[in-house]
Amino acid sequence: MITRLASVIAGAALTALCVVPAQAKAPVDPSALHTDQLRDLFFGEALFQAHQDRYFDAITGLDTELDQFRLLDDPELDPFSLHFGQAAFAVGDLELSYRMHREAGRAMEQVLKGDVPQPIKNEAAYRLAKIHYHKQQFANALHALELIEGRVPERVRAEELFLRARVYMQLGRFEEAIALLKGLKGEKSLAGFVEYNLGIALLKAGETEKGVLALDSLGRNAGSSDTMRALQDKTNLLLGFQLMEAQEFERARTYFDRVQLSGPFSNQALLGAGWVEANAGRYDRALVPWQLLTQRTPTNASVQEAMLAVPYSYGKLEVHSTAAVNYGQALDLFGNQVDVLTQSINSIREGKLLEALRRKEASQVKNWVVELRNLPDAPETHYLLELMASNDYQEFLRNYQDLNDLKERNEDWLQSLAAFDEIIALRRSYYEPILPPLDVQFRQIDARIKMRLEQRQRLAARIDNLLVNRRPELLANSDETESRLVLQQIREILDYNPTLKSEETEARIARLEGVLKFRLSREFDDRLTEAFKRLQELDEVIATLQETYQRYVRSRQAATHSYEGYSDQIISLRAGLNRAQKRIDQLMARQGRMLEQLAINELDQRRAQLESYQIKARFALADSYDRANELQEQRADARKVEEYQQQVEQMKQEPPATPISADADGEALPVDNPPELQAPQSQSEAMDGVEEVDGAGDE
């Protein structure tokens with residue numbers, strides 16, 4: 001990590017310089033995690049880990065390889081040199097994928113300040129803007145995008161424009177966002193998402209009809225994949241609620257009907273479809289989607305709201321008895337769910353949620369959050385699905401899981417250090433007895449090698465001198481050298497004893513010296529050439545000798561380095577791991593408390609909402625019973641009035657009789673009727689009385 005920023009710049013420049021113009025190919029993208037010709041297995045392993053989304057392993061692998069590569073004496077001999085530029089730049093991408101925003105941001109800023117080609121600077125600015133966008137620093141993201149000069153690499157051109165448009169939307173510059181999004185239409189990699197954001201931008205800009213039309217085309221047919229179908233349902237749901245708020249109920253019902261009944265937005269769509277009909281006064285039609293919704297998972301917020309909406313519709317339809325029954329069922333459901341939420345909160349406070357989050361299923365099993373409810377004593381995660389799907393909670397959750405992964409790795413590394421101690425002890429016990437005798441032999445051989453090298457240097461210097469000073473006698477063979485020495489000794493004897501001299505002897509000696517000098521002079525060039533050839537052959541032998549010498553030196557050093565100098569490093573690493581472990585424990589505890597508190601707050605809100613639903617249901621239940629009883633009383637009164645009218649008609653038709661003043665028991669009967677039972681003067685007055693009673697019941 002010490003020299004990473006410099007290596008990023010150097011690696012990017014190195015990659016740009018390694019392009020072969022004769023091949024007429026596009027330059028290799030240094031930040032892409034792809035290579036056509038893999039030459040280094042360690043780099044290939046890092047790429048494999050990256051494509052498996054194991055970014056920590058990929059980062060540590062590349063960091064280790066880069067650090068070791070920089071310490072090599074002959075780095076060009078390492079096959080990793082072919083991937084050095086790509087690896088140095090790819091580390092920043094991996095850090096960004098691992099959410100190491102600070103490190104990745106520093107690397108990108110250094111690239112922007114470095115002497116690298118402009119396309120690489122543009123891509124670095126795009127990636128820096130992406131980091132700021134994810135951190136919700138939209139002004140900084142726009143500033144980074146403004147550093148781009150010219151076009152970014154084609155591979156990220158569409159993503160850069162799409163990011164710029166989203167930044168404009170977050171800053172309220174909807175007109176500029178609309179212009180960019182219109183230009184991105186037809187981009188296959190962003191199909192659907194461009195249209196959705198364009199519709200939102202148009203709605204935010206006040207162009208409601210254009211926004212509805214843009215979203216309408218996406219809501220009709222977004223694609224066949226699960227992601228596109230979910231985006232299509234989300235678009236239709238958005239349009240439905242948008243038009244329902246505008247009181248365009250007929251149009252809103254069309255969009256709610258488009259949502260799939262088995263999709264993630266089906267519950268909200270059924271709830272919205274019911275409210276569309278209810279707002280239009282068609283409560284009988286509103287019951288259809290709401291009753292279908294009440295048959296679904298009772299922990300869903302839309303289902304719980306539908307449990308109150310169904311009896312509300314029955315009440316509007318004057319079926320108060322059925323409404324009362326449904327309110328009673330809703331009260332039972334809400335009471336059970338409040339108990340479940342209380343148990344879930346207690347389970348979270350006991351640490352069961354964090355224990356479940358630390359399970360391996362969190363990273364290996366698809367939809368593992370849903371599977372948590374099948375675990376014994378696990379919290380009821382149906383209420384947490386919406387919370388866990390949010391970006392903030394996912395960020396906290398990934399941080400907690402990463403910390404847990406680091407904790408487990410540290411524990412494994414601490415155990416590995418003990419194994420390293422054992423390995424080093426075994427190596428020391430093996431090498432220490434055999435190295436001293438080898439060192440003695442090596443010193444003897446080293447002395448002989450040095451002597452031979454000095455002899456070679458003297459021969460080379462003599463041959464080089466012959467090119468300037470022609471001395472044929474230096475190239476004489478052993479016989480010729482011996483003959484020359486014999487002639488020289490004869491002259492010394494003659495000089496010492498002059499009586500032995502004669503003209504014939506002098507002539508013969510001179511003749512022999514002349515023959516010898518002539519031969520050496522005539523064969524001087526050939527012999528000099530042969531001497532050069534022999535010197536070259538000697539150089540090859542010496543090179544082989546030196547290579548063997550270097551191999552032995554390296555082997556000797558490797559043997560020594562395999563067990564010496566590790567004790568201090570292991571002690572330092574063990575201390576560092578222990579410190580890191582304490583820090584990780586503190587961070588995990590802090591992050592875990594945050595996750596628990598977020599979950600408890602979410603469950604508290606849902607419990608408070610259910611308790612408010614209970615209060616509403618109790619009052620509505622009592623009101624439904626009152627209305628049902630009142631309606632029954634009204635109907636009973638109406639039946640009594642009708643019976644009395646029939647009796648009056650019969651009395652009119654019968655002949656007058658003697659008034660009876662007492663019953664069979666002798667008890668006096670009233671002569672005058674009470675006012676409310678007076679016979680009406682006409683049939684119309686009697687019907688008016690019935691309508692008044694019904695009207696009072698309605699009130």
Side-chain angles (χ1 to χ4, degrees), residues 99 136 264 267-268 296-305 307-308 330-411 578-618:
R99 303 182 315 283
Q136 298 184 356
N267 292 341
Q268 299 178 44
R296 300 196 171 190
T297 305
T299 56
N300 186 270
S302 299
V303 175
Q304 293 170 356
E305 185 175 347
M307 295 294 295
L308 290 178
L331 276 173
D332 294 338
L333 173 67
F334 296 156
N336 293 334
Q337 294 303 314
V338 167
D339 294 339
V340 170
L341 285 170
T342 302
Q343 295 174 2
S344 298
I345 292 174
N346 294 334
S347 177
I348 292 174
R349 286 173 176 165
E350 292 173 0
K352 299 292 181 61
L353 176 63
L354 296 182
E355 181 181 352
L357 295 179
R358 289 193 296 268
R359 294 176 182 267
K360 292 300 181 183
E361 289 84 352
S363 58
Q364 297 175 358
V365 179
K366 187 177 181 181
N367 297 330
W368 66 273
V369 176
V370 181
E371 297 297 328
L372 286 177
R373 66 178 183 272
N374 297 327
L375 300 175
D377 299 328
E380 182 59 40
T381 57
H382 276 98
Y383 287 100
L384 299 178
L385 290 179
E386 184 177 353
L387 173 65
M388 289 185 172
S390 63
N391 292 331
D392 292 340
Y393 197 88
Q394 281 293 316
E395 191 72 17
F396 295 146
L397 180 58
R398 284 195 294 266
N399 290 338
Y400 184 78
Q401 292 173 346
D402 290 339
L403 288 172
N404 184 62
D405 181 62
L406 288 176
K407 179 180 179 180
E408 294 178 354
R409 289 176 184 273
N410 275 3
E411 293 174 352
N578 289 327
R579 289 194 301 270
Q581 199 73 338
K582 293 180 181 179
R583 179 63 174 165
I584 289 173
D585 291 338
Q586 294 175 357
L587 293 176
M588 281 191 67
R590 189 182 306 169
Q591 198 76 9
R593 285 194 298 270
M594 187 179 298
L595 289 172
E596 289 179 338
Q597 192 60 43
L598 287 174
I600 290 174
N601 291 341
E602 177 71 14
L603 296 181
D604 277 335
Q605 292 178 5
R606 295 299 301 274
R607 185 170 61 179
Q609 186 179 27
L610 287 177
E611 290 173 349
S612 67
Y613 283 170
Q614 282 182 307
I615 296 173
K616 293 179 181 179
R618 289 193 185 99

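The structure displayed is predicted, hence computed values, not measured ones.
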**Q.** Check: Ser344 side chain, Val340 main-chain N or O, donor-acceptor pair, under 3.5 Å
**A.** yes
Should [X] and [Y] count as side-chain neighbours, where that means a heavy-atom distance under 4.5 Å?
X      : Y      : answer
Gln401 : Asp405 : no
Arg349 : Ile345 : yes
Leu341 : Leu610 : yes
Glu611 : Gln614 : yes
Arg593 : Gln597 : no
Glu602 : Gln605 : yes

Quick check for you: to the nearest 0.5 Å, what is the distance between [X] atom [atom1] and [Y] atom [atom2]?
X      : Y      : atom1 : atom2 : value
Asn336 : Thr299 : CG    : OG1   : 12.5 Å
Asn267 : Arg296 : CG    : CZ    : 5.0 Å
Gln304 : Thr297 : CD    : OG1   : 10.5 Å
Asp402 : Gln591 : CG    : CD    : 10.0 Å
Leu603 : Gln343 : CG    : CD    : 12.0 Å

Which heavy atom in [X] sits nearest to a heavy atom in [Y], and how many Å separate them?
X      : Y      : answer
Asn300 : Arg606 : C-NH2, 3.9 Å
Leu595 : Leu397 : CD2-N, 3.9 Å
Gly351 : Glu596 : CA-OE2, 3.8 Å

Q: Quick one: which residue pairs count as a side-chain hydrogen bond (donor to acceptor under 3.5 Å, both in side chains) with a foot in residues 579-590, not counting sequence neighbours?
A: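 For residues 579-590, and leaving out neighbouring residues, the side-chain hydrogen bond (donor to acceptor under 3.5 Å, both in side chains) pairs sorted by first residue read Asn410-Gln581.
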Q: Take Leu587 and Tyr400 through the test side chain to side chain contact (heavy atoms under 4.5 Å, CB included) and record every step on the way to the result.
A: CA-CA 8 Å; Leu587 293 176; Tyr400 184 78; over 6 Å; no
Q.
Side chains of Arg607 and Gln337: any donor to acceptor distance under 3.5 Å?
A.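 The criterion, which ignores hydrogens and geometry beyond distance, is not satisfied for Arg607 and Gln337.
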Q: Quick one: list whatever passes ring-ring contact (aromatic ring centres under 6.0 Å, His included) with Tyr613, sequence neighbours left out.
A: Phe334
